[in-house]
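For reference, the structure discussed in these notes is given below.
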Amino acid sequence: MGKTIVIKGRPALGGVAEGYAMVCPNSIQGWAGIDPRSGKILEKGHVHEGELYDGKILVVPCSRGSCGWSCQFHGPLDNLNMRPAGWVVTQIDSKIGTAAVIVNRPMVADFTDVDPCEVIHDGDYVVVNGDDGTVTITREE
């Protein structure tokens with residue numbers, strides 16, 4: 001039986017999404033961090049270099065890089081219908097807020113008493129409730 005943890009942030013984009021977590025504690029480099037033709041993370045040395053984020057719950061502290069950060073999610077969405085299932089963001093900024101709206105997936109953000117990048121582990125099953133701001137994490141013990 002798995003262990004369940006519930007954390008609370010601010011509802012940032014409504015809806016409920018669930019899937020396996022892809023935790024990016026250093027975020028993803030904006031310009032040239034994601035291949036717009038394949039949806040793979042290209043950033044050299046990134047913990048998920050070469051992996052696809054499609055269908056995953058992206059867990060990031062914030063955006064990182066240029067003001068074109070949100071555009072990196074446009075190509076895979078338009079070309080391949082690829083998108084994260086949902087977002088968990090420690091502190092929202094305009095770039096990641098724009099990306100969430102572009103891909104139209106639920107987001108919970110602005111955690112004040114917990115760092116989601118530390119609490120959530122890669123592969124945890126996560127339910128993001130963008131309506132009430134809860135994130136439910138289930139982890140195999």
Run the side chain to side chain contact (heavy atoms under 4.5 Å, CB included) check on V114 and K8 step by step: do they pass?
CA-CA 8 Å; V114 64; K8 179 97 169 123; over 6 Å; no
Following the transitive rule for hydrophobic clusters with a side-chain heavy-atom cut-off under 4.5 Å over Ile, Leu, Val, Met, Phe, Trp and Tyr, establish whether [X] and [Y] coincide in one cluster.
X: I7; Y: V16; value: no
X: V108; Y: L58; value: no
X: V119; Y: V128; value: yes

Quick test of your reading of the model: are E51 and K40 salt-bridged, counting only N-O distances below 4.0 Å?
no
How long is the gap from [atom1] on [X] to [atom2] on [Y], to the nearest 0.5 Å?
X: I41; Y: M22; atom1: CD1; atom2: CE; answer: 4.5 Å
X: L13; Y: R105; atom1: CG; atom2: CZ; answer: 10.0 Å
X: Y53; Y: I34; atom1: OH; atom2: CD1; answer: 5.0 Å
X: R83; Y: N104; atom1: CZ; atom2: CG; answer: 7.0 Å

Hey, are the side chains of D132 and N129 touching, using non-hydrogen atoms and a 4.5 Å cut-off?
yes
Full working for side chain to side chain contact (heavy atoms under 4.5 Å, CB included) between R139 and I5:
CA-CA 8 Å; R139 159 177 321 138; I5 303 165; 3.6 Å; yes
Measure across [X] and [Y] and return the closest heavy-atom pair with its distance rounded to 0.1 Å.
X: V89; Y: P61; result: CG1-O, 3.8 Å
X: G123; Y: Y20; result: O-CD2, 3.2 Å
X: C117; Y: V23; result: O-CG1, 3.7 Å
X: T4; Y: T138; result: OG1-OG1, 3.7 Å
X: G15; Y: D131; result: N-OD1, 3.0 Å
X: G55; Y: A85; result: O-CB, 3.5 Å

Taking [Y]'s backbone N and O only, do any of them form a donor-acceptor pair with [X]'s side chain (distance below 3.5 Å, no angle check)?
X: D124; Y: A21; result: no
X: S27; Y: V60; result: no
X: Q91; Y: F111; result: yes
X: R64; Y: N26; result: yes
X: D93; Y: S63; result: yes

D115: partners by side chain to side chain donor-acceptor pair (under 3.5 Å), with sequence neighbours left out:
T90
Would V127 and V135 satisfy side chain to side chain contact (heavy atoms under 4.5 Å, CB included), going step by step from the backbone distance to the final call?
CA-CA 6 Å; V127 178; V135 177; over 6 Å; no
Taking salt bridge (Lys or Arg N to Asp or Glu O under 4.0 Å) as the test, write out the residues that go with D54, two or more places apart.
none
Test of understanding: with side-chain contact (heavy atoms from CB on, under 4.5 Å), list the residues that count as partners of I92, not counting sequence neighbours.
R10, A12, I96, M107, A109, D110
Taking it one step at a time, do I28 and H46 satisfy side chain to side chain contact (heavy atoms under 4.5 Å, CB included)?
CA-CA 8 Å; I28 302 169; H46 190 279; 3.8 Å; yes
